[in-house]
Structure formats: structure tokens, C-alpha cells
Amino acid sequence: MTEIKPYWKNYIDGAWVDGGAGRIDVINPGTGEKLAEHALADAADVDRAVMAARRVHLSGALSDLRPVERGRMVQAMGRYLLDRIDEIAPVLTLEQGKPLWEAKIEIKGAARYFEYYGNQAETVEGRSIPLGKGYFDFTTYEPFGVSAQIIPWNYPVEMTARSLSAGLATGNACVIKTPEMTPLTNAWFAHAAEAVGLPAGAVNIMCGFGHEAGAALSAHPYVNQVVFTGSVPTGIAIATAAAQNVVPCVLELGGKSAAIVHDDADLAAFETDVRRGIYFNAGQVCSAMSRVLVHDSIHDALVERMVGVARSLTVKPGIEQPEFGPTMGAMVSERQRDRAFGMIGDAVAAGATIAAGGRKPNIPGAFLEPTVLTDVTPDMTIANEEVFGPVVSVMKFSTDAEAIKIANGTPYGLVGGVFTRDLDRATHAARHIRAGQVFVNEWFAGGVETPFGGYGKSGYGREKGREALWNYVQTKNVAIKLKG
Ligand code: ADP
């Protein structure tokens, strides 16, 4: 059994501190039992962290460095995490619920962000713009200054890594508000920042309530840029607070992403996409494959395969799942599980059929069976609202146009997918699906290198890829009048 420290502190201006708002219990969703306590920041803690970050920014300790030097420190943070993967992964599993093997994948993914953005640090170059005789003009990109990053509970390590690595690589000092339910593993980012020699105040990490510390951070007048991943209502609150200070936001919000499966698709291969698309992290993924739109001629054959995938997965505490395999862990909390379970009940009352799963297993903890719902129609709530759990809704279509219409029929637009051997069909769908990323014949194809973000209510701004870097810098043009 992994030994967990009973009390974890916040990290502000290079020191480990208690929280002005007291402590919060961190629960192990795999058992329902208390795991540890974490310090809770209040508005005064947030203010200290922001002012420390501002001091670092104004000092030039990050922004004046030659980018390659910042890049090396960012890369070293990733290696620090990888070197401690066996220490971090069990804590992530115990606080979040995911299988231990998935926790390791998450930490490797986090390290990859530091590698990628560390590499990118010295690629943020401006242009020289010709203005005719007598002028010399060039463009530079400068860090905003203080980057505030509000982190969700589904991938606490990877989501912090995503924004922190890009923020530091471009020379910003960062203040991170970790999620209330899964704050523990973020401590390793503070240790990493110290280990690689970042100055005190360059990275501040604190847990606090969203309505208290989160709200104070997003509204702080010395925050220069806000990055948020989470729900639509919280995204709106944060963007509204940022707008009062006229600072930009990156919002990565929810999704109700659809896979369109045509009659010429490789159905055997699609089983892997279902496995990954909706049952990784117990479906608590913003880009989850939460809708499958299937051509009516292959509906029954595909459902049979999807039911086979759902039933093949054993559901048990993540800590008992060290090796990759047909297993799924707990959801993050009983509240989230009950919400998803309630949505299944409402869907059945509205006419959907449970083809697989749909029950709470009779064990302690926040478990829900991998679920497949059929007889779903586009007007149902289950077809439009995010479940954020291991629940996939299957709908039928008969023409390509109908499939695209259903895919585009929600207010979201994070990702989408099309499964076909026909290139024309695939490219037509890729063009017409309204989403920031379209997968053809493999759900989650792409990686850290590929830009990711939403259309519509799924948010704005892009994470990942080179595109993300432009969220962390502001453009300055220098126009010089030459003599003679
Ligand atoms: P969920 O409801 O699934 O927990 P949220 O979008 O509310 O998702 O939470 C994501 C992150 O946003 C968490 O770190 C949470 O503390 C934070 N948060 C919640 N409410 C606010 C708010 N009003 N202002 C700033 N941050 C918030």
C-alpha cells in the first residue's frame, strides 16, 4: 500500500505554506475513504502568489533569459517528472481513480509537454517588415507576464503540464490553482521548478475552492492572461472576470463529440477506438467519443461489438491495475458518478435502451459500469449534454448529410471523427464537421504537436502544438526611422 503524507501544503513564492481558508479532505474515489488533507488558499494567498509572480516577471529573471536557457529548464522539469513516475503515479491513481497504468500514461504525457515546449522556446521569432527606404521594422513576441492557470480534476498532472510548460517556455511566471478533488500530484511541479533552478515565485501552486481562490485568481488585477479547462458555466465566469481586467483567456470547455461510422468502416479496428474514446479515464475526458453515429445498415453489428468492448472491461480500484489491460477505474467522486448514473436513468425514461452496463457495481467507491446506450435520438438530453462518464450514446443515420447534421447538432465543437475507407467521404466530413479537431479512422490520433481546442461552446484559443505558444505572448512591433 502506498504511504500518503497526511497533509499537503500550497507552494507560494518558493515556500510551502498553510492555506488561509483551512484544509480540504482529499477522498480516494476507489474506496470512498479519506486519503489526505490539502491546504486551501483564500484570496490573500492568491494575492501573495500573483504578486510574487509579478515580481519575478518585472525582474526579468525569466523574460530576459536567452530562450534556449528557459527551454532547457522546461525540458528538465519533464525529466524530473519521468524520473519520479513510480512515486507520482500511485498518488494520482489514489486521488483521481484512474488505473495505475493510465496514471503512468498521464505522467509520460505531462513530461512530453515539457519536452515539446522546452524545444519550442527558441522558435518564437518575429518578422522584419519592409517599410521602404528610411525605415527598419521588426516584430517581437513578449510574455504577458503573470499567467493564471485553473486546472480541472480529470487530468490534473497533464493539464497543468500543458499550460505550465508553454507558459514558462515563453517566459511567463505562473500561478496555478489546482482542482479541489485532485490537488496532491501537482506538488511535484513545485519540486521540479525548484530542482531545475527556477527562481522563487516563478511557479506558484495552490489548491483552493473555485468560487474563492479560483474566482480571486481570475479577477486579480495583476494577472495578465488566464488559461482554463473545465465546464462551460465556469469558463463563462472566468472569461467575464478576465474581461473586467481586459486580459485574454484560453478556454477549453466541454464537448459532445461524435464519431461517424460509415458502412465501409473497419468495424474490428473501431473497437479499439471505442475502448480508448469513451472508457479511458472512465469517460472523464473533454474530447471523449460520447456519441457514435452509425449507418443504419451496420447498426446492429456495430452495437454488438461495442457491447463486447464494454463488457470486456473489469471495473475495480485503479491501484489494483498496474498493467495495461481490459480494466477501468473509479470515477473521480460519488457525486460525479451519481450525476452520470442519473443521466442514464433519464435517457431510459426518454426512450433509450441500455445495451451494456448502466449499473453501479456493488462495491465501495465511485464506480459505474461501462455503458452503451442505443435507441438514442438527437433531440434527447443524453445526445446533447456532456455526461463526463463511461457512457456512449449510439444513434443511426442513413445519409452522409444526415450524419453531419447530427454531429453538428449540439452547441459544442471540440473534436469529431469519421470512420470510412472512402477518401472523398472522409475529407468531406472533415471539412463539414464543426470542431477544432477531426479524427479520421483513429480516435485521439495526433498528439502534443497537434493544435487542440474548440468551436462553439467548447471554447476558444488553442492548446498543444505551436498554436498554443501564441496564447502566452503579446506582439510588439518596433518601427525605426533611420537617418538619411
Ligand atoms: P467541475 O464542475 O466539473 O468541477 P469546473 O469547471 O467547475 O468543473 O472546475 C474546473 C476548475 O475551475 C477547478 O479548479 C475549480 O476549482 C475551478 N473553478 C470553479 N468555479 C470557479 C470560479 N467561479 N472561478 C474560477 N475558478 C473556478
Side-chain angles (χ1 to χ4, degrees), residues 10 19 21-27 29 38-43 45-47 49-50 95-97 147-164 174-186 189 204-221 223 225-245 247 249-256 281-288 290 330-340 342-343 366 385-389 412 414 454 457-459 463:
N10 290 330
R23 298 181 180 198
I24 190 169
D25 287 349
V26 181
I27 306 298
H38 200 291
L40 268 183
D42 64 3
D45 294 323
V46 169
D47 184 60
V50 172
E95 70 175 344
Q96 205 278 341
S147 170
Q149 306 176 357
I150 298 175
I151 307 299
W153 46 257
N154 60 338
Y155 282 93
V157 178
E158 209 167 331
M159 294 302 95
T160 298
R162 185 164 84 180
S163 45
L164 180 60
C174 301
V175 180
I176 289 154
K177 210 293 280 170
T178 63
E180 299 91 315
M181 285 190 280
T182 58
L184 305 182
T185 36
N186 265 254
F189 292 109
N204 303 274
I205 297 187
M206 64 198 146
C207 180
F209 287 126
H211 62 81
E212 190 173 14
L217 182 58
S218 52
H220 198 290
V223 161
Q225 177 251 18
V226 183
V227 184
F228 171 72
T229 303
S231 63
V232 175
T234 305
I236 292 170
I238 287 172
T240 304
Q244 299 290 337
N245 292 323
V247 299
C249 281
V250 182
L251 299 182
E252 202 252 278
L253 310 178
K256 191 74 194 178
N281 210 28
Q284 301 162 115
V285 181
C286 42
S287 51
S290 51
M331 292 181 66
V332 75
S333 70
E334 290 182 20
R335 193 170 142 255
Q336 282 296 124
R337 189 272 313 272
D338 291 344
R339 182 182 163 278
M343 288 182 79
E385 290 184 10
E386 200 172 21
V387 178
F388 223 62
Y412 291 114
L414 194 53
K457 291 264 187 323
S458 292
E463 304 273 13

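Both counts, for ligands and for their atoms, begin at 1 and track the order of listing. Note that this is a predicted model, so its numbers are computed, not measured.
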_Validation row: Ile27, Ser333 side chains within 4.5 angstrom (heavy atoms)_ = no
*Where is the nearest protein heavy atom to atom 22 (C) of ligand 1: which residue, which atom, and how far?*
Gly210 O, 3.3 Å
*For Val227 and Cys249, run side chain to side chain contact (heavy atoms under 4.5 Å, CB included): C-alpha distance rounded to whole Å, both residues' side-chain angles, the deciding distance at 0.1 Å, then the answer.*
CA-CA 6 Å; Val227 184; Cys249 281; over 6 Å; no
*Taking the side chain as C-beta and beyond, is there a heavy-atom pair between Asn10 and His38 under 4.5 Å?*
yes
*Check whether any side-chain N or O of Glu252 sits under 3.5 Å from a backbone N or O of Glu463 as a donor-acceptor pair, and report yes or no.*
no
*asked:* Determine whether a donor-acceptor pair (N or O, by modelled atom type, separation under 3.5 Å) exists between the side chain of Ser458 and the backbone of Leu253.
replied: no
*atom 12 (O) of ligand 1: nearest protein contact (heavy atom, Å)*: Phe228 CE1, 3.2 Å
*Protein heavy-atom contact under 4.0 Å for atom 24 (N) of ligand 1?*
yes
*asked:* Which of the numbered atoms in ligand 1 are under 4.0 angstrom from any heavy atom belonging to Ile238?
replied: 24 (N), 25 (C), 26 (N)
*For atom 8 (O) of ligand 1, grab the closest protein heavy atom and report residue, atom and distance to one decimal in Å.*
Ser231 OG, 4.0 Å
*Among all protein non-hydrogen atoms, which one is nearest to atom 17 (C) of ligand 1, and what is the separation to 0.1 Å?*
Ile150 CG2, 3.6 Å
*asked:* Could you tell me, atom by atom, which parts of ligand 1 come under 4.0 Å of a heavy atom of Gly230?
replied: 6 (O)
_Considering non-hydrogen atoms of the protein only, which is the closest contact for atom 20 (N) of ligand 1, and what is the distance?_
Thr234 CG2, 3.4 Å
_Protein contact to atom 4 (O) of ligand 1 [nearest heavy atom, distance to 0.1 Å]_ = Trp153 NE1, 3.1 Å
*asked:* So if I count the atoms of ligand 1 from 1 in the order they appear, which ones are less than 4.0 Å from some heavy atom of Pro179?
replied: 14 (O)
*By number and element, which atoms of ligand 1 are closer than 4.0 Å to a non-hydrogen atom of Gly214?*
24 (N), 25 (C), 26 (N)
_I want to check something: taking the side chain as every heavy atom from C-beta on, are Ser163 and Ile151 in contact at a cut-off of under 4.5 Å?_
yes
*asked:* For the 3.5 Å polar cut-off, considering only N or O atoms, please tell me whether Glu180 and ligand 1 meet it.
replied: yes
*For ligand 1, indicate whether the residue Phe388 contacts it via side chain, backbone, both or neither (heavy-atom separation under 4.0 Å).*
neither
*Check for a donor-acceptor pair, side chain of Asn281 on one end and backbone N or O of Tyr155 on the other, with a separation under 3.5 Å.*
no
*Distance to 0.1 Å, residue and atom name: give those for the protein heavy atom nearest to atom 13 (C) of ligand 1.*
Ile151 O, 3.5 Å
*Which residues satisfy the salt bridge (charged side-chain N to carboxylate O under 4.0 Å, His left out) test with Glu386, sequence neighbours excluded?*
none
*Smallest separation among heavy atoms of Val226 and Ser218, with atom names*: CG2-O, 4.5 Å
*May I ask you to list the atoms of ligand 1 that are less than 4.0 angstrom from any heavy atom of Lys177?*
13 (C), 14 (O), 15 (C), 16 (O)
*So, does Gln284 use its side chain to make a donor-acceptor pair with the main chain of Met331 at under 3.5 Å?*
no
